[in-house]
Amino acid sequence: MSKKTTIVLPDAIYEDLIRWAEAEGRPTANLAAFLVEQSVRAKFKDKYPAPPK
């Protein structure tokens, strides 16, 4: 199951997030979710081990 949340970003960060998402051809919310997920996985490596290569 997925959950929704709201975040508040400084204007400059939000504008750069939009630019980044547009450059990748993806929605801003999708990029933000990906970045948050990657950060949480990096913080809690024991809970989210890297997949085998």
Side-chain angles (χ1 to χ4, degrees):
M1 178 188 254
S2 297
K3 301 289 185 190
K4 288 185 179 185
T5 191
T6 301
I7 61 170
V8 178
L9 300 171
D11 290 343
I13 297 296
Y14 182 71
E15 292 299 323
D16 286 338
L17 183 65
I18 290 172
R19 279 192 211 99
W20 186 353
E22 287 174 351
E24 292 193 4
R26 62 199 293 178
T28 306
N30 178 269
L31 176 59
F34 172 77
L35 295 171
V36 169
E37 182 176 345
Q38 293 302 306
S39 295
V40 171
R41 287 178 180 278
K43 174 70 176 176
F44 299 101
K45 290 178 183 158
D46 292 342
K47 187 173 182 181
Y48 304 103
K53 292 184 179 182

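Heavy-atom basis, side chains included; hydrogens, waters and symmetry copies ignored.
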Each residue besides I7 in its hydrophobic cluster should be listed here, by chain and number; the cluster joins Ile, Leu, Val, Met, Phe, Trp and Tyr at side-chain heavy-atom distances under 4.5 Å. L9, I13, Y14, L17, I18, W20, L31, F34, L35
The criterion is salt bridge (Lys or Arg N to Asp or Glu O under 4.0 Å); which residues satisfy it with E24, sequence neighbours excluded? R26
Kindly compute the distance separating CZ (R19) from CD (E15), expressed to the nearest 0.5 Å. 6.0 Å
